[in-house]
Amino acid sequence: MTEQNNTTNTGPERLDFIRQIVAEDCKTGKWGGRVHTRFPPEPNGYLHIGHAKSICLNFGIAAEFGGKCNLRFDDTNPCKEEQEYVDSIIYDVHWLGWDWQDRLYFGSDYFEQMYQWAVELIKKGKAFVCDLTPEQIREYRGTLTEPGRESPWRNRSSEENLDLFARMRAGEFPDGSRTLRAKIDMSHPNINMRDPVMYRILHATHHRTGDTWCIYPMYDWAHGLEDSIEGITHSICTLEFENHRPLYDWFLDELGIHHPQQIEFARLNLTYTVMSKRKLLRLVREKFVRGWDDPRMPTISGLRRRGFSPESIRNFCKVIGVNKFNSTVDYALLEHCVRDDLNRTSPRVMAVLRPLKVVLTNYPEGQVEWTEAVNNPEDPAAGTRKVPFSKVLYIEQDDFMETPPKKFFRLAPGREVRLRYAYFIRCEQVIKDAEGNIVELHCTYDPATRGGNAPDGRKVKATLHWVAAEHALDAEVRLYEHLFTKEDPDQTEEGQDFSANINPDSLQVLTGCKVEPSLKTTRPLDRWQFERLGYFCTDSDSRDGRLVFNRTVTLKDTWAKIQKNQ
RNA sequence: UGGGGUAUAGUGUAACGGUAGCACGACUGACUCUGGAUCAGUUAGUCGGGGUUCGAAUCCCUGUACCCCAGCCA
């Protein structure tokens, strides 16, 4: 913990409401000064930016308070969970920069202990085997406004319950035929307390325990026990579990075991995207995207492939804060965070996405000059590199207009601009094809402006990026827009769902792009700034001789804004 | 209409009875070999109505709105 400097007016570090609780607990010694959190994903899908919020909260709090944070898989439902998801989650949490040392746990490792505790509750007369069908259980539960009715099986002797429960475990009964239920209160206003199911019979193969179990614990029963076993102090979860806290508390108190404090916070919502695993699964299954790691997905793997850095995601999670009320964060804030980080860390490079050929009529045929370019103006240590310059070049089509409107100060007939790190050039002639399309520009360069400055002190209003034709590498560049056309994808017409709001133009593939030769050896996940265009990331489809880049995010573009407002 | 939560600029958040602050966005301007970055500035807020108090975003009362809960999902 750093010493507070009272001479500055920055004030004390502001703590969110969860950190306030943790800080208070440390002060009062509630847990003996211990802070132990956990991130408990269910391995039934890929992690997304919303999980990152939880990950940063749990691992962040542990780190800040000198505590520990476990990675624990909440794998109590064999029907939905897969090893593939376990692997991806481990990879993603690590990639985000967090470490759990040797504390990688699985709820399924505690199945035997859970079973023993269930037996204990049965013996206490606090749990019973119920023979009601799923439909009957629903009927007996009552409704939000009416109390439920007690199961006719509620008052079996503990001997009978013990025997039946053992036989459930032994696999004597078919799926769905019986459950183990807690005996609480069928008229409780909180429906979760109306004799909730603790175990269901499921003859399913579990991704870790195989076929050793045919009864599986329900979340409400299992989760608190997992936290208790691991000695968790602060069990941080999302808002929808607030209604379950009384049950969480009830189980731990009845058992008289270590009782962590559950604290709930609001999950993250982001504009122009969906966050529920169910919807993300649909996007993948119904091929709206190319997979879990499609760069348009809000998954960690998608963001990684898109070019987001772990630092930018962690910083995003810090600036959005944490609260108890639902809110939707503007996607622009995520973009701000990634630009902020990439601006400082990304090497600059020149790439032309939509090439327009430029011939310098007064430049010597066959001559090549290697001009020195700065790799990162924000980081002098990044050094410089040499970029080839010659008679035939490519510039961006957007950087030339035959009849330029007001405020357009790039290249136009008769106008002079600077080619970055090279020369001033002047447009002398526009060459068109039979249809009148501009296919080539004839320009002259001023040899006196070598390096990019005029000895006579004359100024140009624009600096253009460029690539020498003969040295250029071909590349494919994938441009992305929001996956949905609406800020809230769930806002739909009657009878439609979020898929109706999918943006048909969310992916645009550009081929025949020209990039500078230094990019020849780039490897997947390398991050770049293409000067004046944006931040780009070498895609995993990229290989020697076939370069593929993803646009992470554009640079802030004043000219685009002017155009849009016209 | 049962229970549990929550309301602060366009958006995300601070304030813990004492000047409503920060960030993003938007809009100006300066600077610039990236129309980037940077810098300076502008914009705009306490859900409504009562009360308590010298003083209320904060405490009390009362409305209103939104979210969650009736899986043998988590």
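Remember, it's a predicted structure, so these values are computed and weren't measured experimentally. In the text below, chain A, chain B and the rest are named by the order of the sequence lines, each starting its count at 1.
Going from the P atom of B:rG4 to that of B:rU62 covers 15 Å, rounded to whole Å. Separation of the P atoms belonging to B:rU46 and B:rG21 is 13 Å when rounded to the nearest angstrom. Taking atom C1' on both nucleotides, B:rA40 is separated from B:rC31 by 11 Å, rounded to a whole Å.
Rounded to whole angstrom, the span from the CZ atom of A:R245 across to the C1' atom of B:rG3 amounts to 13 Å. In this structure, A:E24 atom CD and B:rC16 atom P are separated by 16 Å, rounded to whole Å.
Ion pair A:D109/A:R208 flagged as a salt bridge, since at least one NZ, NE, NH1 or NH2 atom sits closer than 4.0 Å to an Asp/Glu carboxylate oxygen. Salt-bridge formation is detected for the pair A:R267/A:E240: a Lys NZ or Arg NE/NH1/NH2 atom is positioned less than 4.0 Å from an Asp or Glu carboxylate oxygen. The residues A:D131 and A:R156 are annotated as salt-bridged, a charged nitrogen and a carboxylate oxygen being separated by less than 4.0 angstrom. In summary, A:R354 and A:E396 do not engage in a salt bridge, as defined by a charged side-chain N under 4.0 Å from a carboxylate O.
Taking every side-chain heavy atom of A:L555 into account, B:rU34 is the closest of B:rU34, B:rG3, B:rA37. With distances taken from any side-chain atom of A:E531 to the nucleotides B:rA7, B:rG2, B:rU34, the minimum falls on B:rU34. The nucleotide whose nearest atom lies closest to any side-chain atom of A:E240 is, among B:rA74, B:rA70, B:rU34, B:rA74. Checking B:rU1, B:rC27, B:rC69 against every side-chain atom of A:K561, the shortest atom distance belongs to B:rC27. Side-chain proximity of A:N190 to B:rG3, B:rA70, B:rU34: nearest is B:rG3. Distance from the side chain of A:K556 is smallest for B:rG36 among the nucleotides B:rG36, B:rU34, B:rA26. Among the nucleotides B:rC72, B:rA37, B:rG3, the one closest to any side-chain atom of A:P189 is B:rG3. Comparing B:rG35, B:rA70, B:rA74 by their closest approach to the side chain of A:L144 singles out B:rA70. Taking the side chain of A:R138 as heavy atoms from C-beta on, and the options B:rG71, B:rG4, B:rA74, the nearest nucleotide is B:rG71. With distances taken from any side-chain atom of A:T558 to the nucleotides B:rG36, B:rC73, B:rG10, the minimum falls on B:rG36.
Side chains of A:R532 and A:H465: a donor-acceptor N/O pair is present below 3.5 angstrom, by distance only.
A:E264 comes within contact range of no nucleotide atom at all, as no heavy-atom separation falls under 4.0 Å. Base contact: A:K407 has a heavy atom under 4.0 Å from a base atom. As judged by a 4.0 angstrom heavy-atom cut-off over every strand, A:L132 is placed among the base-contacting residues. Within 4.0 Å of A:H223, counting heavy atoms only, lies no atom of the nucleic acid at all. Residue A:G176 is in base contact, counting any heavy-atom pair closer than 4.0 Å across all strands shown.
Scanning atom types as modelled, no donor and acceptor separated by under 3.5 angstrom connect the side chain of A:N323 and the base of B:rG12. Between the side chain of A:E335 and the base of B:rC24, no donor-acceptor pair of N or O atoms lies under 3.5 Å. In the interface, the side chain of A:R14 is not paired with the base of B:rU13 through any donor and acceptor atom under 3.5 Å apart.
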query = Dot-bracket for RNA chain B, 5' to 3', with Watson-Crick and G-U pairs under 3.5 Å, [ ] for crossing pairs and | for other-strand pairs: what is it?
reply = .((((((..((((....[..)))).(((((.......)))))....(((((..]....))))))))))).....
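What you find for A:G307 and A:L342 is that their closest heavy atoms are O-CD2, 3.9 Å.
Scored by the side chain to side chain contact (heavy atoms under 4.5 Å, CB included) test, A:K126 finds A:L121, A:K124, A:W250, A:E254 as partners (sequence neighbours excluded).
The distance from atom CZ of A:R178 to atom CZ of A:F173, rounded to the nearest 0.5 Å, is 4.0 Å.
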